[in-house]
Amino acid sequence: MPVLVITGTGTEVGKTVVTAAVAATALAAGRSVAVLKAAQTGVAPDEPGDAAEVARLAGPVTTAELARYPEPLAPATAARRAGRAPVHPHEVAEAAAKLATEHDLVLVEGAGGLLVRFDAAGGTLADAARLLSAPVLVVAPAGLGTLNTTELTARELRSGGLDLAGVVIGSWPEAPDLAARCNLADLPDVAGAPLLGSVPAGSGALAPAGFRAAAPHWLAPRLDGSWDAEAFRMREAPGVFPDAGGSRGVLRGRTGAR
């Protein structure tokens, strides 16, 4: 599949670092990659945005950004306050489709969660994914609370007829607590989709060469990597759910409280 939409269960869950890891892994596999940031908020005109950070970490990718707003708000709100034109889902889809004619893989990174609004009409990243008929990768946090937001996101995707490719944990802690360890088994269950990777906490601070060398080990084969969900669970959470099954994969073939 030439276009993959990447969203999160909320803000600050690791979307940009996961996008960089997917890009770096695809590049290592010999694929050409473009990264499209639909709407960048909270960044000044002369500052690097998320797409630039992906390029810094991942390597030679084509980057594109449709709009930039200075305040760290939802795109529709940021656009309105800045007195600037908003981004619309059809513009995101058109830009991604054009990039897909020139690249093996196009990664479309959203802002915040799936239903964050782009415009006054309520257009969202989900609408762009629908126009593209593109699968959606969900980035989720590791710890307590992630099951609820992950399941809500998965249900919304399915209710809209969208393809949930899988879930990647955006920041796996060095010393995971009980909730995080249990979530290795519970996340794919509540999402109804495979766990396709886990990025170590702090990976965005690695030197680019180290990031690129490590990225394929954080992602499953369906994302061009070598990460194995069952082996990871057995290493990080031995005995928590001894009868839990492994992950499933879908992307490449289609080429406590919660």
Side-chain angles (χ1 to χ4, degrees), residues 1-9 13-39 50-51 53-55 57-66 89 92-114 116 124-140 150 153-154 156-158 160-170 188 191-199 215-216 218-225 227 247-255:
M1 179 66 198
V3 180
L4 176 64
V5 174
I6 299 179
T7 191
T9 58
V13 297
K15 284 191 306 297
T16 298
V17 175
V18 169
T19 300
V22 175
T25 302
L27 287 170
R31 306 172 76 187
S32 59
V33 180
V35 177
L36 173 64
K37 183 71 177 183
D50 292 343
E53 177 65 3
V54 171
L57 290 170
V61 300
T62 299
T63 60
E65 184 184 281
L66 294 186
V92 179
E94 289 166 4
K98 183 177 185 302
L99 288 168
T101 66
E102 304 161 347
H103 298 82
D104 298 323
L105 177 65
V106 178
L107 304 175
V108 181
E109 184 187 344
L114 181 68
V116 169
T124 68
L125 187 67
D127 296 316
R130 188 175 300 108
L131 290 170
L132 287 162
S133 298
V136 180
L137 183 69
V138 173
V139 180
T150 300
T153 302
E156 180 63 29
L157 286 167
R158 290 200 175 86
L162 296 171
D163 176 13
L164 171 54
V167 177
V168 172
I169 296 172
L195 199 58
L196 292 181
S198 179
V199 176
W218 304 332
L219 301 173
R222 297 295 180 179
L223 294 171
D224 291 316
W227 185 85
S247 79
R248 299 159 290 158
V250 297
L251 180 60
R252 184 183 268 275
R254 187 175 180 273
T255 355

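These numbers were taken from a predicted model, which means no experiment stands behind them.
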Under 4.5 Å between any side-chain heavy atoms of Val138 and Leu157, yes or no?
yes
4.5 Å side-chain heavy-atom contact, Pro135 and Leu4
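Yes, close enough: below the 4.5 Å cut-off.
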Specify the closest pair of heavy atoms between [X] and [Y], including all atoms of both residues, with the distance to one decimal.
| X | Y | answer |
| --- | --- | --- |
| Leu195 | Pro188 | N-CB, 4.1 Å |
| Trp218 | Val199 | CE3-CG1, 4.0 Å |
| Ala93 | Leu132 | O-CD2, 3.4 Å |
| Ala51 | Lys37 | CB-CB, 4.3 Å |
| Ala191 | Thr150 | CB-CG2, 4.0 Å |
| Leu99 | Ala64 | CD1-CB, 4.4 Å |

Run the side-chain contact (heavy atoms from CB on, under 4.5 Å) check on Leu125 and Val116 step by step: do they pass?
CA-CA 7 Å; Leu125 187 67; Val116 169; over 6 Å; no
If we check side-chain contact (heavy atoms from CB on, under 4.5 Å) with Leu223, which of these qualifies: Leu137, Leu105, Val18?
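Among Leu137, Leu105, Val18, the one that satisfies the side-chain contact (heavy atoms from CB on, under 4.5 Å) with Leu223 is Leu137.
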Would you compute the distance between atom [atom1] of [X] and atom [atom2] of [Y] and round it to the nearest 0.5 angstrom?
| X | Y | atom1 | atom2 | result |
| --- | --- | --- | --- | --- |
| Leu36 | Thr62 | CG | OG1 | 11.5 Å |
| Ile6 | Thr16 | CD1 | OG1 | 9.0 Å |
| Asp104 | Leu27 | CG | CG | 9.5 Å |

[X] (side chain) donor-acceptor with [Y] (main chain) under 3.5 angstrom:
| X | Y | value |
| --- | --- | --- |
| Arg130 | Gly160 | yes |
| Thr25 | Val22 | no |
| Thr7 | Leu114 | yes |
| Arg222 | Pro194 | no |

As a quick check of understanding, evaluate side-chain contact (heavy atoms from CB on, under 4.5 Å) for Asp50 and Thr19, giving each step before the final call.
CA-CA 9 Å; Asp50 292 343; Thr19 300; over 6 Å; no
Could you check Thr63 against Val54 for side-chain contact (heavy atoms from CB on, under 4.5 Å), going step by step and ending with a plain yes or no?
CA-CA 9 Å; Thr63 60; Val54 171; 5.9 Å; no
I'd like to check the side-chain hydrogen bond (donor to acceptor under 3.5 Å, both in side chains) partners of Glu65; sequence neighbours left out, ordered by chain and number.
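Expected list: Arg68.
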